[in-house]
Amino acid sequence: MKVLLHICCANCAIYPIKTLRAEGMEVMGFFYPHNIHPYTECVRRREALETFAAQMALKVIYQDGYDLEGFIRNVAFRESERCNYCYHDRLRSTALIAKRGKFEAYSSTLLYSKQQQHDLIRSMGESIGKSVGVPFFYRDFRAGWKEGIEDSKQMGLYRQQYCGCIYSEKDRYYGK
Ligand code: SF4
């Protein structure tokens, strides 16, 4: 089966790619940049993914542009619920590209993170999949949380300290 995998960062992609390939899937990655702030951080994560992808012989589609302004506009005045918009836009963008590229399914490395809202991502992914017409491939990749971290350290990949948006950077550092 041909699967398009939304990749939030190289570290979170290690275990899902290993798992999907072990199950016989043909995986291509998709990198969405608009929720990663500031721009220099986005470049750093993209470069880490490029290094990782070269090591893994993984093809990746990198979304054009850097719409930080659009992201901020869409979460303004409801910052505490920003992850809903963020998940939805990332999953929908992936599903649309999967549909256009005739992939048989799409998925996301967000399912690997223990720090994300796993059940919400699953239900959103499934509902977007139905509306776009490409199934959402679900696995609980959190089972490989430790393994993924160990592998990423061994590979010497850049490991970021916050989720992505500028709000999460504040949550991570402000007042600590
Ligand atoms: S905390 Fe993470 S998931 Fe939530 S809006 Fe920011 S980048 Fe997106």
Side-chain angles (χ1 to χ4, degrees), residues 3-17 19 29-53 60-98 106-129 131-132 136-146 148-149 152 157-176:
V3 180
L4 184 65
L5 180 70
H6 157 251
I7 295 179
C8 58
C9 66
N11 303 297
C12 289
I14 298 171
Y15 182 78
I17 287 169
T19 307
F30 169 63
F31 181 74
Y32 170 108
H34 312 312
N35 66 309
I36 307 169
H37 314 150
Y39 180 62
T40 46
E41 173 71 17
C42 186
V43 169
R44 210 163 173 200
R45 293 191 197 185
R46 178 179 167 145
E47 285 171 354
L49 177 56
E50 286 168 347
T51 304
F52 168 72
V60 179
I61 299 167
Y62 294 90
Q63 186 160 70
D64 286 340
Y66 181 62
D67 190 18
L68 177 145
E69 296 84 353
F71 181 91
I72 301 278
R73 265 198 303 274
N74 276 292
V75 301
F77 303 109
R78 47 189 169 173
E79 289 84 356
S80 62
E81 290 158 28
R82 65 186 183 269
C83 302
N84 290 351
Y85 166 77
C86 186
Y87 294 153
H88 193 275
D89 205 47
R90 290 193 272 176
L91 292 169
R92 190 158 188 281
S93 301
T94 314
L96 290 172
I97 292 172
Y106 83 105
S107 193
S108 174
T109 57
L110 289 167
L111 295 170
Y112 165 79
S113 176
K114 285 189 167 179
Q115 281 147 13
Q116 302 293 347
Q117 299 171 56
H118 191 91
D119 295 341
L120 176 62
I121 292 160
R122 179 182 189 175
S123 63
M124 234 182 228
E126 288 171 350
S127 132
I128 291 168
S131 69
V132 171
F136 182 66
F137 184 88
Y138 173 76
R139 279 286 180 283
D140 190 348
F141 295 126
R142 292 174 300 182
W145 179 249
K146 274 195 178 162
I149 293 173
S152 108
L157 292 171
Y158 165 62
R159 298 181 54 75
Q160 67 272 9
Q161 298 301 308
Y162 59 96
C163 185
C165 64
I166 204 69
Y167 309 101
S168 64
E169 196 261 1
K170 178 181 174 183
D171 289 345
R172 171 70 178 79
Y173 293 112
Y174 181 69
K176 291 204 172 173

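Just so you know, these numbers use all the heavy atoms, side chains as well, and skip hydrogens, waters and symmetry mates. Numbering of ligands and ligand atoms starts at 1, following listing order. Quick caveat: nothing in here was measured; it's all calculated off a predicted structure.
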Who's the nearest protein heavy-atom neighbour of [atom], and how far?
atom                    : result
atom 8 (Fe) of ligand 1 : C86 SG, 2.4 Å
atom 6 (Fe) of ligand 1 : C165 SG, 2.3 Å
atom 5 (S) of ligand 1  : R82 CG, 3.4 Å

Show the atoms of ligand 1 that are less than 4.0 angstrom away from any heavy atom in [X].
X    : result
N35  : 7 (S)
Q116 : 3 (S)
C163 : 1 (S), 2 (Fe), 3 (S), 7 (S)
S168 : 1 (S)
R90  : 3 (S), 8 (Fe)

Under the salt bridge (Lys or Arg N to Asp or Glu O under 4.0 Å) test, residues paired with R139 that sit two or more places apart: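 Counting only residues at least two positions away or on another chain, R139 forms a salt bridge (Lys or Arg N to Asp or Glu O under 4.0 Å) with E23.
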Any salt bridge between E69 and R73, counting N to O under 4.0 Å?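 Not counted as a salt bridge, because no side-chain N and carboxylate O are separated by less than 4.0 Å.
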Chi angles and distances behind the ring pair (Phe, Tyr, Trp, His ring centres under 6.0 Å) call for Y39, H37: CA-CA 5 Å; Y39 180 62; H37 314 150; over 10 Å; no
Side chains of S113 and R142: donor-acceptor distance under 3.5 Å anywhere?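 No, no side-chain donor-acceptor contact under 3.5 Å.
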Under 3.5 Å, is there a donor-acceptor pair between the H6 and S108 side chains?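 Yes.
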Would one find more than 12 heavy atoms of other residues, nucleotides or ligands at under 6.0 Å from atom CG of D140?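 Counting other residues, nucleotides and ligands, CG of D140 exceeds 12 neighbours.
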If every non-hydrogen atom of I36 is compared with every non-hydrogen atom of Y66, which pair is closest and at what distance?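 Minimum heavy-atom separation between I36 and Y66: O-OH, 2.6 Å.
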N, O or S atom of C83 closer to atom 4 (Fe) of ligand 1 than 2.8 Å: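 Yes, within the cut-off.
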